[in-house]
K.L.:
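Mind having a look at this structure? Questions to follow.
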Amino acid sequence: MDSRTAAHVLSQISALVELQGGNRFKARAYQSAAKAILGLDSDDLTPLHRSGELQKVPGIGPATLSVLRDLIETGESRYYDQLREATPEGMLEMMRVPGLGMAKIQAIRTGLGIETLHELEEAARDGRLARLPKFGAKTAEKILKGIGFLRETVALELYPQAFGEAMRLLSGVRRHPEIVRAEIAGSVRRHREVIGDIDIVAACRSDPARVAASFARVPGVRDVTGAGAASITIRYVDGTRLDLHCVRPEEFAIAWWRATGSAGHLDDVRAHAATRGLAIVDDTLRDASGSTIGVDDEAAFFAAIGLSFIPPELREGALEVDAAHRGGLPTLVEYADIRGVLHCHSRYSDGTASIAELAEAAQRRGWSYIGISDHSESAFYAGGLSRDAVLTQHEEIDRVNETLDGFRVLKGIEADILADGRVDYDASLLERFDYVIGSIHSRFSMSGAQMTERVLAALDDPHLTILGHPTGRLLLTREPYALDLDAVIEKAGERGVALELNADPHRLDLDWRYCHAAKRRGAMIEIGPDAHSTQGLDNTRIGVGMARKGWLEARNVLNAQSADDVLAHAARRRAR
Ligand SMILES: [Zn+2]
Ligand SMILES: [Zn+2]
């Protein structure tokens with residue numbers, strides 16, 4: 001039994017248990033078991049089961065183990081089959097419509113007898129849904145929007161999930177005896193924030209089409225497009241899509257470049273090559289006479305057509321070819337440039353770690369400071385800090401700092417930007433913080449004009465050091481709020497307020513597409529993990545990938561500076 005199929009069955013069981021109103025903890029247990037299975041180092045569960053290793057895997061309990069035993073011994077799970085029989089397929093789809101909770105799904109099913117997404121869409125259009133008790137026209141409209149959203153995003157995943165999946169697939173490809181080299185390409189390599197499919201390029205010592213075909217025959221594959229060719233698309237049972245490009249070793253460099261994309265970038269490079277009398281034909285570079293110019297790697301390929309090496313993150317068809325031609329590419333910020341982080345929540349608000357634990361975790365990551373930025377008083381839903389709690393926290397930070405050598409905990413706050421643009425707390429309390437992040441956590445539905453006015457007003461407060469997650473977007477879930485972002489970026493640059501690139505993989509906000517504008521306007525970018533645990537500090541790495549997509553250099557990044565420089569930045573802002 002392959003681990004992908006097993007994990008898929010476990011997570012389907014979890015969804016079905018929840019849908020049928022079963023115990024939530026039970027549903028969660030199946031979900032964590034699915035995660036544990038995917039985290040294993042092995043694709044085949046059968047040997048692990050025989051040796052008794054499987055039952056020792058953390059996250060696998062007696063109930064989940066019995067499902068796995070069934071799967072391994074018979075290829076099927078009786079429990080899963082029973083659950084499936086009792087649940088119409090369409091209801092599973094409904095669970096994925098944003099804003100449609102379990103209670104509403106039950107009400108729709110009992111009230112209208114609806115069991116498919118299509119029926120639901122019809123009922124939302126013809127008014128039946130709106131007439132259900134407690135629904136109304138607004139809810140019906142929201143559900144209709146949700147269905148549209150689901151249709152568009154059904155195959156999309158956030159970067160970290162897609163990256164993890166890509167690494168698992170890559171290690172499987174690399175184990176193939178006929179493959180000499182394999183790499184991740186496509187949007188994962190370009191570090192896009194949401195990913196539709198995974199691209200892998202593999203150099204083969206024998207016939208590429210035959211090697212590709214051998215991947216189509218493994219367990220866990222639902223269907224294959226392009227069978228028989230050297231480039232095929234494999235869809236697995238859990239919906240994962242792999243575009244596998246098998247090539248000859250001598251074609252690898254250009255095949256890797258092509259499979260990395262983007263389409264716009266490829267067009268720009270082809271056009272540039274043409275100006276030099278060169279052409280890219282399939283996976284080879286040809287001169288005017290049609291003979292092949294050998295290139296060993298991507299750097300040699302770019303050099304051969306007169307361009308400096310373009311980092312994959314920049315390959316979006318946004319003037320990078322022009323810049324590479326002029327020698328004007330930026331020296332992109334790297335993870336190693338980060339010297340500390342400023343957006344972290346402790347147990348004082350809604351985090352899970354103490355200040356000392358966060359400090360220790362930051363030190364272990366090689367940083368020299370960490371700023372604690374819990375929620376402010378108005379964010380009562382997130383355990384926002386009262387005035388007294390702020391003072392207690394500051395005493396604790398002082399005590400922790402006394403025990404530390406060469407490392408510093410800074411006193412920050414993530415203060416709510418109130419509806420009128422005021423920053424939470426009064427000036428006398430704001431003075432006590434080393435720096436202030438101002439964020440919007442309420443009243444998202446203001447008009448664009450009102451929201452812009454609100455944010456611009458906050459930028460006038462001299463205590464504000466950083467504007468947190470500037471657009472409020474939640475990837476694949478919530479659109480950014482209406483806001484004149486250009487006006488905000490311009491004023492932030494003028495006032496010396498840094499803009500956050502919130503590195504929570506659900507946010508990645510400021511959008512990388514606007515980082516370039518921020519840089520031009522002279523606004524610094526703070527890469528904030530928005531950590532709610534010590535593990536959450538690792539969001540920083542994803543944030544750096546996004547900053548690179550936004551053409552940022554270390555000198556554009558606030559937390560690539562020392563603690564002293566960060567403090568000086570905040571102080572300068574207050575003095576203005
Ligand atoms: Zn926030
Ligand atoms: Zn936060």
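Order of appearance sets the numbers: ligands from 1, and atoms from 1 within every ligand. Only this structure's heavy atoms are used, side chains among them; waters, hydrogens and symmetry mates stay out.
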K.L.:
Is it true that T534 and E357 share a donor-acceptor pair across their side chains at a distance under 3.5 Å?
P.N.:
no
K.L.:
Does R541 qualify as a cation-pi partner of Y335, given the criterion of NZ or CZ under 6.0 Å from the six-membered ring centre and within 45 degrees of its axis?
P.N.:
yes
K.L.:
At less than 2.8 Å, would any N/O/S atom of H375, backbone or side chain, sit next to the Zn ion (ligand 2)?
P.N.:
no
K.L.:
Are any non-hydrogen side-chain atoms of H441 and H375 less than 4.5 angstrom apart?
P.N.:
yes
K.L.:
Between the Zn ion (ligand 2) and H345, is there an N, O or S atom separated by less than 2.8 Å?
P.N.:
yes
K.L.:
I want to check something: taking the side chain as every heavy atom from C-beta on, are L132 and T139 in contact at a cut-off of under 4.5 Å?
P.N.:
no
K.L.:
Give the name of the N/O/S atom in D530 that lies closest to the Zn ion (ligand 2).
P.N.:
OD1
K.L.:
So what does the H441 NE2 - the Zn ion (ligand 1) - E414 OE2 angle come to, to 10°?
P.N.:
100°
